Amino acid sequence: MTVRTRFAPSPTGYMHIGGMRTALFNWLWARKNGGQFILRIDDTDAGRNMDEALGPILDAFRWLGLDWDEGPEVGGDYGPYFQSERRSLHDAALKSLLDNGAAYRDFESPDDTKAQREDAEKNKTVYVSSRTSVGLSAEEVQAKIDADEAYVVRFLVPRGRKISIVDQVRGHVEWDSDLMVDPVIARGDGSPLYNFATVVDDGQLKITHVIRAEEHLSNTPIQVLLHEALGNDLPVFAHIPFVAAPGGKKKLSKRDIDKYRKSPAFQKLFQLGDDVLTRLGIDPTDNSLSPVMVAYYREVGFLPAGVLNALARLGWSLDDETENMSLETVQNAFTLDRVVKAAAGLDPDKLMSYQAYWMSELSADEKVAGCADFLSRAGLIPESPDAEMLTRVAAVVELAADRLRVFGDILSMDEFFVSSDQLVFDEKEFQKRVVKPAEAVDLLRDVRHILADVESFSAETLHDAVNGFVEGRELKFGQIAPALRLSITGKAKGADLFPTLEFLGRDECLARLDKAIGSAESQRV
RNA sequence: GGCCCCAUCGUCUAGUUAGGUCUAGGACACUGGAUUUUCAUUCCAGUAACGGGGGUUCAAAUCCCCCUGGGGUCACCA
């Protein structure tokens, strides 16, 4: 039997990071077993703006390198893959259920149903459907239809049944059919509801494994019954824990984004993301991009490998020690029985550590390509940089070394891409390191002479020259380095100092020093 | 509230199915130290957990029961 898994997103305009994890596990299970992974679009409220709504979802899959064997754009033998286009399948299934008495038209008014529900709640009894319409003869039903009486189609839940499944992650789970309400499976106009459409589609698509988040566990007994009534082979179910918000156990949700912004666990991520997004000209506070969405990580400059690694380790482990895993490694090792049962909070810190690892695994060329793209988009270098500019980027990437965790980090090294007149000093640090210390400006002047006179402007000779000066004056390096760094880069921290000087070159360094000295003097007076 | 699920360091987890090898392992985060005359990296060290109570057993993180706590879901949404 070929394993067939599916992910069935509704087109919402963005890809949720938790949904992505569910999709990943489905993909993994299919690939691990040499089966098929299917993308079905659950667009029941007919497709308006489908490009806008579906595009970001497919983009997320493409970015992470998760391919689908059947679905939008690629087709397949069991199509169509948009639920809205599968109506004839749903109609036929509905008719068969109605014909054999497994479902019935319920003419009870919604208000009556609601009142019964509330009554039951008040009396602390179990609410089950009244089934007042079940006893109606075919003629009576037809008469009501002819009289335009409103109705819905409900599935007639068999009484006295224990419905049990062997969930691949949870084990044996059981429900009592006597406690179940007859679910509405279609509206009066015949349009199917989720539980019904899903079962019809899963059956027709020959899905063998339904791997989904645990919030769907409570839908399972209805779906099992529907599969039975339709004569489908029952798929294997695996309910994986949902992805929780950092620090908590609640489902990660787009609506709570403002709360996350204040959460300490999210602090570092937001700081990084806000900075990068702002430099790219995207307003990070309007929440059009947030850490709940896959696209956020791409925009900030994460690697697919980093995100994938973090997602795979959220609720799954290979063994007691392996942390850094490629998609291929995970794919080969993936089993459902190693999926954890409890909800797992997304840990931005850990995500960042996976990311940093995969960034360090990248070749120099790959880093340069990624950084150049971000620099272009931030307007720091031309859109199509020439070879000379790319060499420059490569040199900065080398200077950045492991300070580069995400591609967006390169944007905070803007001092290497602007000239002295555009250079902005960190105001607070400038006060502290250059303006305040009494001797700073004089020392800077001395250093200027050294830089002007040194024979070859290389990191090594620069280091020796400055060092000689420091020793000759019986100073400490720390008395001069911070002021020098700030004058040259405008920042209090950054890449190694002397290589930075060498990279910028003598003229640029002197110009920056002059600017700093001038600025400090004017502020002192 | 009904139904269902879950419960090991702050976090992600190993260990639970086949009880002993667990004075509970790893990773992230955090703290301290070394290296780096910034920052980051790297290295070393440290803090830190079986929710509680009953059983069963020679032996329980592991099996059973109860409690507590957390969560999901209760639509003519998906």
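All values derive from a computational prediction rather than experimental measurement. Proteins come first, then strands; the chains are lettered A, B, ... in the order of their sequence lines, and each starts at number 1.
Take the nearest nucleotide of RNA chain B for A:A342 and for A:D402: the residue whose nucleotide is more 5' is A:A342.
Rounded to a whole angstrom, the distance from the P atom of B:U35 to that of B:A27 is 24 Å. B:U31 and B:C67 have their C1' atoms separated by 37 Å, given to the nearest Å. Taking the P atoms as reference points, B:U11 lies 14 Å from B:G71, given to the whole Å. When the C1' atom is compared between B:A7 and B:C39, the two are found 41 Å apart, to the nearest whole Å. Comparing B:G19 with B:A24, their C1' atoms are spaced 15 Å from each other, to the whole Å.
Using cut-offs of 30° and 60° for the angle between ring planes, the A:F61 and A:W68 rings count as perpendicular.
With hydrogens and angles left out, the side chain of A:K350 and the base of B:C12 share a donor-acceptor pair within 3.5 Å. Applying the 3.5 Å distance criterion, the base of B:C5 shares no donor-acceptor pair with the side chain of A:R170.
Atom pair A:L314:CG and B:C28:P shows a separation of 16 Å (rounding to whole Å applied). Atom CD of A:Q271 and atom C1' of B:A29 are 15 Å apart (whole Å).
Look at A:R40 and you won't find any side-chain N or O under 4.0 angstrom from OP1 or OP2 of B:A78. Dashed line: the shortest gap from a side-chain N or O of A:R338 to OP1 or OP2 of B:G15 is under 4.0 Å. The shortest distance between the side-chain N/O atoms of A:K341 and the OP1/OP2 oxygens of B:G71 is not below 4.0 Å. Proximity of A:K162 to the phosphate of B:C4: no side-chain N or O atom is located under 4.0 Å from OP1 or OP2.
Taking the six-membered ring for Trp and the full ring otherwise, A:W316 and A:F25 have centroids separated by 6.0 Å or more.
Closest approach of A:L269 and A:P291 over heavy atoms only: CD1-CB, 3.8 Å. Contact record, A:S177 with A:V157: O-CG1, 3.7 Å, taken as the closest heavy-atom pair. When every heavy atom of A:A459 is checked against every heavy atom of A:F498, the shortest pair comes out as O-CB, 3.6 Å.
The side chain of A:S317 sits closest to B:U13 out of B:U11, B:U13, B:G72.
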